Amino acid sequence: MLAEMMTSDHLELLKNQEPRIPHIFPEGINLYWSSLNVTGPETKSTNFLEKFRNNGPKRRVKEILHNVSGMAESGKLLAIMGSSGAGKTTLLNVLTSRNLTNLDVQGSILIDGKRANKWKIREMSAFVQQHDMFVGTMTAREHLQFMARLRMGSEYYSEEERESRVDQVLTQMGLQKCADTVIGIPNQLKGLSCGEKKRLSFASEILTCPKILFCDEPTSGLDAFMAGHVVQALRNLADYGMTVIITIHQPSSQVYSLFHNVCLMACGRVIYLGPGDQAVPLFEKCGFPCPAYYNPADHLIRTLAVIDSDRATSMKTISKIRQGFLSTDLGQSVLAIGNANKLRAASFATKSGIFSYNASFFTQFKALFWRSWLTVIRDPNLLKVRLLQIIITALITGLVFFQTPITPATIISINGIMFNHIRNMNFMLQFPNVPVITAELPIVLRENANGVYRTSAYFLAKNIAELPQYIVLPILYNTIVYWFSGLFPNFWNFCFASLVTILITNVAISISYAVATIFANTDVAMTVLPIFVVPIMAFGGFFITFDAIPSYFTWLSSLSYFKYGYEALAINEWESVTVIPECLNSTVSAFALNGCPKNGYEVLESIDFSAYHKWFNISILFVMFIGIRLIAYVALLIRSYINT
Ligand SMILES: Nc1ncnc2c1ncn2[C@@H]1O[C@H](COP(=O)(O)OP(=O)(O)OP(=O)(O)O)[C@@H](O)[C@H]1O
């Protein structure tokens, strides 16, 4: 596979190939961090309550980074290494201004000598996070086309230029052979290998040629062979001018040899920062030689690890090596960077707090619509299974109630058909939709935090792309059940019943959106959903008439969309029934009703429904559909804001 990676000749060719696309290989920049001090609460907060407590005035703080200074040079691959808890991730988070909730950060970050704020860094850099997140039903090429549309923008680059850039990054990352393979969904859909996914992550980040590329643990979960490919890909980017900074746990000696520079950390301090091949000699000079045939990276990390059972010795070792480093020229230059913090460096003039999106709202909408649409039509769980479920359930229901005649004994069954109709349309689609949204949420939040698109563009595109299935599936269900079970045989009555079915489905989907975006976790959302839906269903008018509902529960009944849907269907059916012949001269009661209703209006009266509410119910369902969707949107907006 290494042969698949670009040779320098290939890259040279590419570099000169497309004059219209600027900055294919960026001129790198030097990034400095000067006297970074980070403190945080003694314990990491795991939930909202703890976060709240940790923000209180009396929190106990601990030092996470202490006077950390250093630099990442243009066109060099820098690996931040150290044992667990050394502060690698915190340093990367500070450099990228991410995940810093609860932390107090002091010090400065400079780009080519100028102070840079969070927005400037984000503008100039890209961040590949440890865990890859993709919409697994897309192919590698489609994913890059999607990203190119949003990140390069259709206003600045034509479609051909974007296509050409996609081809370039596919080649650059050695992904040509799997370009048209689906990315895959773990345990569901076989797709790209872990190493290919990782390289695809790099590919999407380098589409716009950021000057700095940050990478958190790019080799985690990969075997040594794949890890070698991935780091080689990063090395290639550095060789062509990018400033690449990664954190890494346990590189093999082959991977270690690819780093230009390493930053060794222990106890929140920089112990060594300089060329990879000078670290082992320094350790040797300090009295810690690397045993023969030993992986140098293992030796360095092991020597700097803090062993709890012998903390004093570990601290002595760390301090000795740090002193040894500070006495070298490299150490002196790091100290000098630390002192630069005290100087008054000029700042970049940037807009603060605003993302400037590369693509217009409409371009974002189009790209997101295309992705959501692909997801809908390709995901077997989403469409084929739903289609099958709807047809089978409708056929069974239709056959159970096949051509039910209108008699005193069957009035309640006909009402049952209609309530069942509402209930089935709710439960069949609402619950399965929750995990679909919660699974996509982290991808959306990440892409949104990276400034790829607006939350509003995503939400609108997703809703519109999904709408056709939530119109077609209810119509299909209603067509089968309506004609099989023998409801009032009139085309317009059938159309009205279809409208009610569509609205109920969409209210149910709105609720699944709201619950999923509010709770964001599949298990919690799936547990909370029935707590809300089941009582509301109980007040839907079938199990208990409205007169019998206790006054303290009437508010719950007015929230019951089951009631509005059921009442609308019941009016649609019974207002057309002018006479129930068996009841005309009868003194007996209809089954489960008081008396024997002589026509459809009397049936409606007997179940506390008003014939005048037909369109009122439709309006309420429509308002609920839109209103609850808006609640879901606001929840998503708040999540995006917190995540940014
Ligand atoms: N938000 C936070 N609140 C409290 N403590 C934190 C926070 N972030 C990090 N820490 C603590 O700071 C120390 C350094 O953590 P960090 O994640 O940076 O280490 P690391 O070198 O990346 O370790 P690993 O390789 O295991 O991820 C740890 O003791 C960690 O518990």
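As a basis for the values below, the full set of heavy atoms in this structure was taken, side chains included, without hydrogen atoms, waters or symmetry mates. Just follow the structure's listing: the first ligand is 1, and inside any ligand the first atom is 1. Since the structure is predicted, the reported quantities are computational estimates derived from the model, not experimental observations.
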Do Lys211 and Thr243 come close enough that some side-chain heavy atom pair is under 4.5 Å? no
Any side-chain heavy atom of Asn358 within less than 4.5 Å of one from Met152?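 No, side chains not in contact.
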[X] to ligand 1, any heavy atom closer than 4.0 Å:
| X | value |
| --- | --- |
| Gly40 | no |
| Ser83 | yes |
| Lys62 | yes |
| Asn102 | no |
| Gly85 | yes |

Does the N or O separation between Gly87 and ligand 1 drop below 3.5 Å for any pair? yes
Within residues 299-311 or reaching into it, pairs that qualify as salt bridge (charged side-chain N to carboxylate O under 4.0 Å, His left out) - sequence neighbours excluded: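 As it turns out, the salt bridge (charged side-chain N to carboxylate O under 4.0 Å, His left out) pairs with a partner in residues 299-311, which skip direct neighbours, are Asp308-Arg311.
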Pair [X] + [Y]: basic N to acidic O under 4.0 Å:
| X | Y | value |
| --- | --- | --- |
| Arg371 | Glu440 | no |
| Arg199 | Glu196 | no |
| Glu205 | Arg151 | yes |

Enumerate donor-acceptor pairs with a distance under 3.5 Å from any side-chain N or O in residues 262-280 to protein atoms, sequence neighbours excluded.
unit_1: Arg269; atom_1: NH1; unit_2: Cys267; atom_2: O; d: 3.2
unit_1: Tyr272; atom_1: OH; unit_2: Pro275; atom_2: O; d: 2.6

Heavy atom under 4.0 Å from ligand 1: found in Leu103's side chain, backbone, both, or neither?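 Under 4.0 Å from ligand 1, Leu103 contributes side-chain atoms alone.
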Counting heavy atoms only, which of Met81, Gln250, Lys88, Met265 is nearest atom 25 (O) of ligand 1? Lys88
For ligand 1, which atoms, with element, lie under 4.0 Å from some heavy atom of Thr90? 9 (C), 15 (O), 16 (P), 18 (O)
